[in-house]
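A short worksheet on the structure shown next.
So that the names make sense, note that chain A is the first sequence line, chain B the second, and so on, each numbered from 1. As the structure is a computational prediction, the values presented were derived from the model and not from experiment.
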There are 2 protein chains.
Amino acid sequence: MNNLRRIDLNLLVTLHALLMEKHVSRAAQRLHKSQPAVSHSLASLRAIFDDPLLVRRTGKLELTARANELLPLLTEALHQLGALIDLPAFDASQAKRVFRLAMSDYGARVVLPGLVRRLRSDAPGIDLQVSQGSRAAMLAGVHDGEIDMAFGVFQAPLSDELRTHTLFIEHFVCAADKNTLPQTGHLEKTEWLSRPHVLVAMQSGENNEIENALQREGVNRRVAMTLPHWGVASRVVANTDLILTAARRSFDLFQEDSPLQLFVPPYPIDPFAFNMVWHSRRESDAGHNWLRQAIIGTLIQGEDGQQTGG
Amino acid sequence: MNNLRRIDLNLLVTLHALLMEKHVSRAAQRLHKSQPAVSHSLASLRAIFDDPLLVRRTGKLELTARANELLPLLTEALHQLGALIDLPAFDASQAKRVFRLAMSDYGARVVLPGLVRRLRSDAPGIDLQVSQGSRAAMLAGVHDGEIDMAFGVFQAPLSDELRTHTLFIEHFVCAADKNTLPQTGHLEKTEWLSRPHVLVAMQSGENNEIENALQREGVNRRVAMTLPHWGVASRVVANTDLILTAARRSFDLFQEDSPLQLFVPPYPIDPFAFNMVWHSRRESDAGHNWLRQAIIGTLIQGEDGQQTGG
DNA sequence: CTTAAGTTATTCATTCTACGAATATGGAAA
DNA sequence: TTTCCATATTCGTAGAATGAATAACTTAAG
């Protein structure tokens, strides 16, 4: 494909006209050019392909073997380019269609509010069907076409047919009742470890970046409570000495009168990439593209509004 | 495809570089152009596609939905064009391959001598396997891929997947022993009808242009002998009062000391088109193309050497 | 808020080249 | 040969692509 840089692609359009017409003057007419111009192009093409391409035979011009070989390939390729150029732009406001998304409740919390607002205003005809499943199940669904897009934490090297886009990098923050914290608004390692903790886990036994981080440091914390509901977790902490360490975006941020105080964990916890995954066959699906773009857009817009101090 | 004329296709190469790099300056570098040049191209592309294509987002350029939609299609189409350009020319002298041809003995008589000579000198590695069959069987063979090319008299509208090329238009001539003909060297209608005739027919009951012509005129001739062997037929006529009416090219022309005299039939007989037929899927097969071209070439070259006076 | 760094857009003078008018050349037919 | 028709060539020119310089943005840092 590098060689495309070396030649003038417009010559190929002229070549196509020439091979179809088998007549320089008529090809020129068809191209709205002069006969000498097309003759020039033909000379260039002959040099490029190192073949006469058109030869006189009993008065008429006929295709050489090489030209015969080129014609069908050329026709096909140019048709593709032609289709590309007047590909109609996707009109989201008129689109009527259902997309099937798969995500955890955390994903839903992060992705859906902004997206749904966007859909209602810009694409009222687009509906969503959200399902939930294990990472493997979601990927299988995407692969089989039962799911249009999956969201979550997926390890980078997926199947060749799957495409990934990192929507954002998520960090962990801690939350505790304001009244239980010192003036500084955060806890040092020892104080942090001495308090009881709440763990939010979709599935028990799933990869847990928090425990990994503590293990690396050679310390232990007491998990007084485990639950799978992000939204409930932050409410549980209020008016207790419990500490919740969870993905930043799982908190209702900037909530007035919140009894909770957020702070950076005293032990560094690996952030994780939250990804969107789809099948490569959907790459050229205008609607699918639009939705992906919309999701990316709403998440970036939401970024500012959800920014914490750190 | 008409719209391809309206835009500069080279812009699409630039577009591809831009979408791949997501970076104007790097795209320029990849294309060995300056940054302003690519920026200009980007402006043109934005006008053409009526879409920003690349937008700033947290510092980096990102693809719009439209661009995302275009990228895979564009990549595909440009790959095709790239492959087209450095398609290696077919090297007949090195080619090693077998072609399966189907033709009648008349076809063999006309096509093979010149073709085989050409193959031995220019493409010694190309072998031929010639088979014979009814018209329908030959066409079926071509259709199913068991036969690479078929030769014969085929009615114009064949299957959509089949391609036809008329190799030449064949006329009928008469032959008789020189000693049985008047000084003029030819026979008038009554004399011609009064003599016994030889009919060459591949299959009895096949379309017969000669009898058709006579029937149109409302006359009848006596066929004293029918045989399917073109080569033998002309030898049979020598030293008899028989008249042979057959395709011009079936005679060994310009044969010295031939006892036969050729002359134009007194009744006009419809000429027929002798065609080559192949499957459209072979259109872009370099070797197949070369052979077709070789066949056309040898038949045209042979044309002069076989020309009779009329 | 200001400055600095990095990137894209714009301007404009220059260079190139694709273009077409005129014409030469070639090939087939009469 | 001449005539006709089609392609190739020549060459001056108009218009487009190009890039140096620079403006305008955007983000990040001080």
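Atom CG in Asn10(A) sits roughly 13 Å away from atom C1' in dC19(C) (whole-Å rounding). Across the protein-nucleic acid pair, Leu54(B) atom CG and dT26(D) atom P stand 15 Å apart, rounded to whole Å. Between the CZ atom of Arg26(B) and the P atom of dG6(C) there is a distance of 14 Å, given to the nearest Å. Leu9(B) has its CG atom 15 Å from the C1' atom of dA18(C), to the nearest Å. Rounded to an integer number of Å, the gap from Glu21(B) CD to dT7(C) P is 13 Å. Atom CG of Leu53(B) and atom C1' of dA9(C) are 15 Å apart (whole Å).
Scanning both residues, Val24(A) and Gln35(A), for their nearest heavy atoms gives CG1-O, 4.0 Å.
In this structure, Tyr106(A) and Glu170(A) have side chains that are in contact, with non-hydrogen atoms separated by less than 4.5 Å. No side-chain heavy atom of Leu291(B) sits under 4.5 Å from any side-chain heavy atom of His288(B).
Contacts between residues 32-42 of chain B and DNA chain C, counted as heavy-atom distances below 4.0 Å, involve Gln35(B), Pro36(B), Ser39(B), His40(B), Leu42(B).
Look at Arg46(B) and you'll find a side-chain N or O under 4.0 angstrom from OP1 or OP2 of dA9(C).
Shown here are the side-chain hydrogen bond (donor to acceptor under 3.5 Å, both in side chains) partners of His165(A), two or more places apart in sequence or in another chain: there are none. Looking at residues two or more places apart in sequence or on another chain, you find no ring pair (Phe, Tyr, Trp, His ring centres under 6.0 Å) involving Phe154(B). Residues passing the side-chain hydrogen bond (donor to acceptor under 3.5 Å, both in side chains) test with Arg282(B), sequence neighbours excluded: Asp148(B).
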May I have the list of side-chain donor-acceptor pairs in residues 65-74 of chain A shorter than 3.5 Å, sequence neighbours left out?
{"from": "Arg66(A)", "atom 1": "NH1", "to": "Phe49(A)", "atom 2": "O", "distance (Å)": "2.7"}
{"from": "Arg66(A)", "atom 1": "NH2", "to": "Leu87(B)", "atom 2": "O", "distance (Å)": "2.5"}
{"from": "Asn68(A)", "atom 1": "ND2", "to": "Gln293(B)", "atom 2": "OE1", "distance (Å)": "2.9"}

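For Gln261(B), the CD atom counts as densely surrounded, since its 6.0 Å shell holds more than 12 non-hydrogen atoms of other residues, nucleotides or ligands.
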| said: Treating primed atoms plus P, OP1 and OP2 as sugar-phosphate and everything else as base, which nucleotides of nucleotides 24-29 of chain C get B, S or - for protein heavy atoms under 4.0 Å? | reply: ---SS-
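Position along DNA chain C of the nearest nucleotide to Ser44(A) versus Ser25(B) favours Ser25(B) as the more 5'-ward residue.
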